[in-house]
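Structure first, then comments.
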Amino acid sequence: MASTTEILEGLAEIVNEIAGVPTEDIQLDKSFTDDLDVDSLSMVEIATAVEEGRYIASRRPKTVEEEASVKAERSPEEEAAFAQAQAEA
């Protein structure tokens, strides 16, 4: 399972791509709307990107062994969501 740091980095990449917020500005204690000035339309786009698993796809394991390790850590629900995101990508 991804660490908090890995998840934050993935989210920061998405927020940067969609809303143009510098990745270093995105921290756990920041509010999207109050601190980072992300508008509501961008928030919907960010939520959709996260829900679709874009941050997961950008961190694909590089080897068969890594994939087996990651897959073993996923719950059946997470594995189904991952498989669906891969199929849609």
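As a basis for the values below, the full set of heavy atoms in this structure was taken, side chains included, without hydrogen atoms, waters or symmetry mates.
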Report summary line: For Asp35, the side chain to side chain contact (heavy atoms under 4.5 Å, CB included) test, sequence neighbours excluded, returns Lys30, Ser31

Requested in this report: Taking all heavy atoms of Thr4 and all of Leu28, pick out the closest pair and write down the distance.
Outcome: CG2-CD1, 4.0 Å

Report summary line: Between Asn16 and Val21, the two heavy atoms sitting closest are ND2-O, 3.0 Å

Query raised in the report: Just how far is it from atom CD of Glu6 to atom CG of Leu11, taken to the nearest 0.5 Å?
Result: 13.5 Å

Query raised in the report: How many angstroms lie between atom CD of Glu17 and atom OG1 of Thr23, to the nearest 0.5 angstrom?
Result: 12.5 Å

Report task. Output all residues satisfying side-chain hydrogen bond (donor to acceptor under 3.5 Å, both in side chains) with Asp37, sequence neighbours left out; order by chain, then residue number. Result -> none

Report summary line: CD (Glu45) and CG (Leu41) are apart, to the nearest 0.5 Å, by 4.5 Å

Query - Gap separating the CD atom of Gln27 from the CG atom of Asp25, nearest 0.5 angstrom - result: 8.0 Å

